[in-house]
Amino acid sequence: MIKASMALALIGLAVLGGSLGGAVAVPVYLPLSTLVLAGILMIGRDIPTFLRIFLIMLSATHVVLVLLVLGAVLGLITGDYTGYVPPPSAALGATAFGALIYGLSFVPVVRTICTITDRYLDSQADSIIRIPFIGLVRAREGTIGTWMIAILIAINLAQVALNVRLSFFSRDMFNALEAKDAAAFWYQLFVIFTPLAAVFVAIALTEVLLQNVLTIRWRAFLNTYYVREWLGDGAHYRMQLIGRGADNPDQRISEDLRKFVESTYSLSVGLMNQAATLVSFVAILWTISAGFTFPGTNVEVPGLLVWVCAGYAILGTWVTHLIGRPLIGLNFQQERVEANYRFSLARLREYTEQVALLSGEPAEREGLSRRFGQIVDNYMQIVIRLIKLNTFTSAYFQANVVVPYILTAPYYFIGKISLGQMQQVVGAFSRVESALTYFIQIYTTLADYKAVLDRLTTFEGAIASAQRVGGESKLAITPAASRELRLRNLDVRLPDGRALMHADGLAFRPGERTLMTGPSGSGKSTLFRAIAGIWPFGEGEVLVPEGQSMMLLPQRPYIPIGTLREAVTYPAQGDAYSDAAIMEALRAAKLPQIADKLDDERAWGQTLSLGEQQRLAVARALLAKPDWLFLDEATAALDEPTEAEIYQVIKEKLPHTTVVSIGHRSTLLGYHDRRIDLKRGENGLSTPVDMMQPQPAE
């Protein structure tokens with residue numbers, strides 16, 4: 001940025017010296033605007049990367065403008081090529097837009113957007129991209145994204161330049177028609193228009209390709225980032241515990257990220273395109289209407305059509321904002337109720353058996369109907385608001401067709417402008433008015449975009465809160481040289497701060513099989529989660545044997561969608577164990593009927609009963625061979641004989657594994673060497689009491 005700023009300043013000083021010395025006949029504001037833009041570039045070196053790309057590309061465009069103007073002044077650009085030379089005043093527009101970009105960097109919502117975009121653009125991750133005619137190129141992913149955005153900006157600016165040149169083609173062609181000059185007409189059509197059209201089509205196709213490649217790479221990077229943050233260090237679990245902020249994280253990662261990337265690109269590049277269009281065609285309108293008088297008077301108003309167009313667009317934008325402002329909140333609410341309904345359907349699919357057993361279909365229909373009713377109610381509010389908005393905008397845009405003719409026809413009839421100039425004015429008016437009303441055209445998109453941004457920021461906030469809760473936890477998991485797992489002055493609390501359990505000095509000895517009992521709600525499962533390191537609420541210390549592995553099997557196991565092999569080996573990869581080992585583990589866990597279906601892909605969580613799922617989880621433990629195995633009612637769905645067989649299998653197959661179980665059945669006592677009972681005091685606080693293990697009945 002500093003080097004670019006210095007180069008721009010040198011160009012400005014050189015042109016200023018030539019202008020003041022009479023060497024080049026350019027307005028003094030041309031070099032002065034160059035120097036101002038150089039200053040903006042210098043102070044803008046610390047703005048977000050996303051905005052910096054636009055500022056640098058704008059500066060490069062400004063240099064091209066200056067060179068074209070100098071080329072025309074020095075006689076290096078003549079003839080038909082003068083249609084490619086912008087007026088010197090275009091440099092003022094470029095400088096103003098540069099100042100706008102710098103100012104936007106201080107707007108909170110823009111900085112929020114840039115915080116998300118810069119995660120991609122500042123990425124240091126190595127990546128590869130295939131470039132036509134060059135081949136595979138290795139570079140940082142952020143560098144690839146930066147260059148692609150820069151090229152797309154250049155393409156859009158080139159399209160604006162081509163549109164300006166085509167406006168001069170339109171003027172000259174209609175002038176040829178008015179003069180019945182066939183040679184000039186065919187010259188304009190084949191020599192001027194055809195090459196321009198070919199270039200326009202070529203860069204348009206390039207834009208489509210680059211835009212789609214950019215958006216999918218951008219989305220892929222952000223998807224990886226958000227998934228990592230959400231799943232990292234148990235944040236997804238703690239988000240549910242603290243109950244803060246982010247409903248339907250699946251939608252925020254899949255749908256909202258897609259919308260964010262696509263809308264960020266289209267809105268930002270679209271805004272820049274419209275700004276460049278505005279600057280270019282305002283110059284045309286100003287030049288043609290320089291001598292126009294106010295209708296019905298002899299008072300000349302410099303650039304009359306520019307002021308009329310601006311007033312017309314500002315009025316339309318203001319009315320559009322008044323009508324469409326409620327759409328922001330309505331779109332946010334629509335995303336929420338749609339996601340809630342979709343989640344209800346997915347949850348029903350997961351628990352179809354339980355619903356069927358309870359004959360809960362009427363209750364489910366009522367619940368689904370109620371949630372869908374919320375969708376309909378909010379959607380109809382959106383429709384009513386859109387009808388109001390579209391009624392105005394449709395009338396507004398229909399008037400756009402005739403308004404420029406109404407304005408220019410009187411001047412054409414009195415011979416002040418030619419037919420070609422009239423057509424050029426009509427085209428320029430439409431372009432300027434379209435640029436000024438860009439806000440009207442994208443209002444509904446902006447409303448949806450703001451809702452998406454809010455959902456992503458609240459999702460980030462929820463993740464940050466979960467990470468903060470984990471980071472501020474006073475419940476420490478400390479590796480220790482001892483072979484025992486010991487609780488030292490441990491207080492386990494609920495998320496609201498209430499004390500649930502206190503334990504000090506309790507030790508689980510290696511090789512000893514321990515059963516934990518106690519009334520429901522006394523904190524048994526919560527203690528297991530504290531030992532596993534995912535429960536953040538409490539104080540004290542859990543001393544765990546250093547270098548030893550731990551596995552916790554909950555009452556309802558998680559069964560991922562995919563092949564049976566992936567379900568059994570989870571959380572390891574599917575190829576972590578041999579087929580023979582997996583099949584042996586399944587047979588040992590009393591699941592011989594599915595042992596030969598390792599490559600069958602289905603929703604195994606719905607295919608298997610809860611008892612089969614619990615046995616599959618035991619097969620995982622048999623494969624993983626952890627040093628410590630915590631069973632949180634992990635056999636509660638099994639009949640007593642099968643439960644006895646499972647505990648016997650664990651004892652035989654995992655002889656060096658220390659087992660700690662939670663259960664309520666009295667039969668479990670016979671499979672353990674020791675019993676710890678959580679006794680609840682009058683204050684509701686549970687404490688562990690070491691009980692004598694009774695002998696099992698013969």
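The figures that follow rest on heavy atoms only: side chains count, while hydrogens, waters and symmetry mates do not. These numbers were taken from a predicted model, which means no experiment stands behind them.
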- Query: Can you tell me if Glu141 and Tyr120 form a side-chain donor-acceptor pair at under 3.5 Å?
  - Reply: yes
- Task: Would you check if the side chain of Asn175 reaches a backbone N or O of Gly420 as a donor-acceptor pair within less than 3.5 Å?
- Result: yes
- Counting only heavy atoms not in Tyr102, do more than 12 fall under 6.0 Å of its OH? yes
- Message: Treating Gln124 as the side-chain partner and Arg140 as the backbone partner, does any N or O pair qualify as donor plus acceptor under 3.5 Å?
- Response: no
- Please step through side-chain contact (heavy atoms from CB on, under 4.5 Å) for the pair Val15 and Leu70, ending with a clear verdict. CA-CA 9 Å; Val15 176; Leu70 290 176; 3.9 Å; yes
- Message: For a quick check under 3.5 Å, do Thr215 and Arg258 share a side-chain donor-acceptor pair by atom type?
- Response: no
- Item | Working for side-chain contact (heavy atoms from CB on, under 4.5 Å), residues Trp218 and Thr117 | CA-CA 9 Å; Trp218 194 347; Thr117 59; 3.5 Å; yes
- List the steps, then state whether side-chain hydrogen bond (donor to acceptor under 3.5 Å, both in side chains) holds for Arg252 with Thr458. CA-CA 10 Å; Arg252 302 187 188 221; Thr458 54; 2.5 Å; yes
- Query: Quick check: does any side chain N or O of Gln423 sit under 3.5 Å from a backbone N or O of Arg171, one acting as donor and the other as acceptor?
  - Reply: no
- Item | Taking every non-hydrogen atom, the tightest pair across Thr95 and Ser33 | OG1-O, 3.1 Å
- Query: Looking only at side chains, do Asn273 and Asn156 share a donor and an acceptor under 3.5 Å apart?
  - Reply: yes
- Item | Between Asn378 and Gln333: side-chain donor-acceptor atoms closer than 3.5 Å | no
- Task: Answer yes if the side chains of Gln159 and Glu207 hold a donor-acceptor pair under 3.5 Å, and no otherwise.
- Result: yes
- Might you point out which heavy atoms bring Asp448 and Lys259 nearest each other, and give the distance in Å? OD2-CD, 3.9 Å
- Item | Atom of Thr49, atom of Asp118 and distance for their closest heavy-atom approach | N-OD2, 2.9 Å
- Task: Give the C-alpha distance, both sets of side-chain angles, the deciding distance and a yes or no for side-chain hydrogen bond (donor to acceptor under 3.5 Å, both in side chains) between Arg455 and Gln251.
- Result: CA-CA 10 Å; Arg455 290 180 63 79; Gln251 182 202 21; 2.4 Å; yes
- Message: Under 3.5 Å, is there a donor on one side chain and an acceptor on the other for Ser123 and Tyr225?
- Response: no
- Query: Can you name the nearest heavy-atom pair linking Val213 to Ile216, along with the distance?
  - Reply: O-CG2, 3.3 Å
- Task: Nearest 0.5 Å please: distance from the CE atom of Met173 over to the CG atom of Leu166.
- Result: 10.5 Å
- Distance-minimising heavy-atom pair for Met57 and Leu157: O-CD1, 4.5 Å
- If the plane angle is over 60° it's perpendicular, under 30° parallel, otherwise tilted; pick one for Phe54 and Phe50. perpendicular
- Message: Which heavy atom of Leu37 sits nearest to which heavy atom of Gly98, and what is that distance?
- Response: CD1-CA, 4.3 Å
- Taking Ser263 for the side chain and Phe260 for the main chain, is one N or O donor matched with an acceptor at less than 3.5 Å? no
- Task: For Thr115, check side chain to side chain contact (heavy atoms under 4.5 Å, CB included) against everything at least two apart and list the hits.
- Result: Arg119
- Any side-chain donor near an acceptor of the partner, Ser127 and Arg217, under 3.5 Å: yes
- Message: Please evaluate residues Gln211 and Leu214 with respect to the criterion side-chain contact (heavy atoms from CB on, under 4.5 Å), reporting the C-alpha separation (whole Å), side-chain torsions for both, the decisive distance (0.1 Å), and the verdict.
- Response: CA-CA 5 Å; Gln211 179 182 340; Leu214 170 67; 5.8 Å; no
- Phe169: which of Phe193, Phe200, Tyr187 passes ring pair (Phe, Tyr, Trp, His ring centres under 6.0 Å): Phe193
